[in-house]
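One structure is given below, encoded as structure tokens.
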Amino acid sequence: MRRWANHEDTDLNKDEKATLVDEITDRLGDASAIFAVDYRGISVPQAAELRAQLAEADATFRVVKNRLARRAVERAGTPELDSVLVGPTALTFVKGDAVVAAKAISTFGRQHEILEYKGGLMDGAPLDPDQFTAIARLPGLDVLRGQLVGVAASPLTGLTRGLASMVSGLAVALGEIRDKGLVQGEAEAPAEAPAPAEEASEAEAPAEAPAEEPSDDGGEEEAGEEAAPDAEAAKEAPAEETSGDGEEDGEAGD
């Protein structure tokens, strides 16, 4: 089986090496994560298989010469990678899901007993082998999104069911109240029978009208009382006339 050989920049001229440094520098700047592995023991078909798996995470796998890689690391401002650029080194530049890329490298290395993780960066922070293993065990972003949607949908489903139950219970309660009101209305209907009594009382009302006649008698009495002084005046009047006759008689006597 043909093994991967570290020959990609052995025969490069000065200009080609400068172009390669520029390319690595650009990839270091664009990547959200960089994984450095020891690629010894990997075959050409295995390398092609690994590249296909890493493409799902928008990641590229490239064998680099440490001397040129150090120049690119210095230009990209990622000096944390200097310590891993020792021995046969392949860099994985991740622009997509770093978890999927780490999982692909970890699974591939475990299945083929190759690709020892050496170190790297994730979101600008150093990533040691233990952290890399922990990340490789995490679910990918797509799986996490699905779980998040499920978690978010569960309370909404419960809320919908709860509201539907409340509305149904309210409808039943209102129906019972309506039925009770109808039953009570039918039971209380005879209590309104005394209405004819009110009509009878209204019919009897004219019989009480003569009670107001004493006021007319009182008026007659008052008229009689007023007439009495006239009678007295009439009685007194002859007295005055008599006295007048007496005077006349006296004068006549005289």
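Keep in mind it's a predicted model, so treat the numbers as computed, not measured.
- No donor-acceptor pair closer than 3.5 Å links the side chain of Gln53 to the backbone N or O of Leu50.
- When the shell of 6.0 Å around CZ of Arg70 is examined, it contains more than 12 heavy atoms from other residues, nucleotides or ligands.
- Residues Asp58 and Val94 fail the side-chain proximity criterion, which asks for heavy atoms closer than 4.5 Å.
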- Take Leu121 and Leu127, measure what side-chain contact (heavy atoms from CB on, under 4.5 Å) needs, and give me the verdict at the end. CA-CA 5 Å; Leu121 294 175; Leu127 193 70; over 6 Å; no

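- Comment: Glu23 engages Arg27 in a salt bridge, judged by a side-chain N to carboxylate O separation of less than 4.0 angstrom.
- Between Phe61 and Ile105 the shortest side-chain heavy-atom distance does not fall below 4.5 Å.
- Residues Asp30 and Phe93 fail the side-chain proximity criterion, which asks for heavy atoms closer than 4.5 Å.
- Inter-residue side-chain proximity for Val21 and Arg75 is flagged as met; some heavy-atom pair is nearer than 4.5 Å.
- A 4.5 Å side-chain heavy-atom check between Thr60 and Thr92 finds every atom pair outside the cut-off.
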- Task: Go through the steps to decide whether Tyr117 and Asp38 satisfy the test side-chain contact (heavy atoms from CB on, under 4.5 Å), and finish with yes or no.
- Result: CA-CA 6 Å; Tyr117 178 80; Asp38 186 337; over 6 Å; no

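- You'll find the side chain of Leu68 reaches within 4.5 Å of the side chain of Lys17, heavy atoms only.
- Remark: side-chain polar atoms of Gln46 are paired, donor with acceptor, to backbone N or O of Ser43 under 3.5 angstrom.
- Contact check for Tyr39 versus Ile114: no side-chain heavy atoms found under the 4.5 Å cut-off.
- For the pair Asn66 (side chain) and Gly87 (backbone), a donor-acceptor distance under 3.5 Å is present.
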- Task: Begin from the C-alpha positions of Phe35 and Leu91 and carry the test side-chain contact (heavy atoms from CB on, under 4.5 Å) through to its verdict.
- Result: CA-CA 6 Å; Phe35 303 143; Leu91 295 178; over 6 Å; no

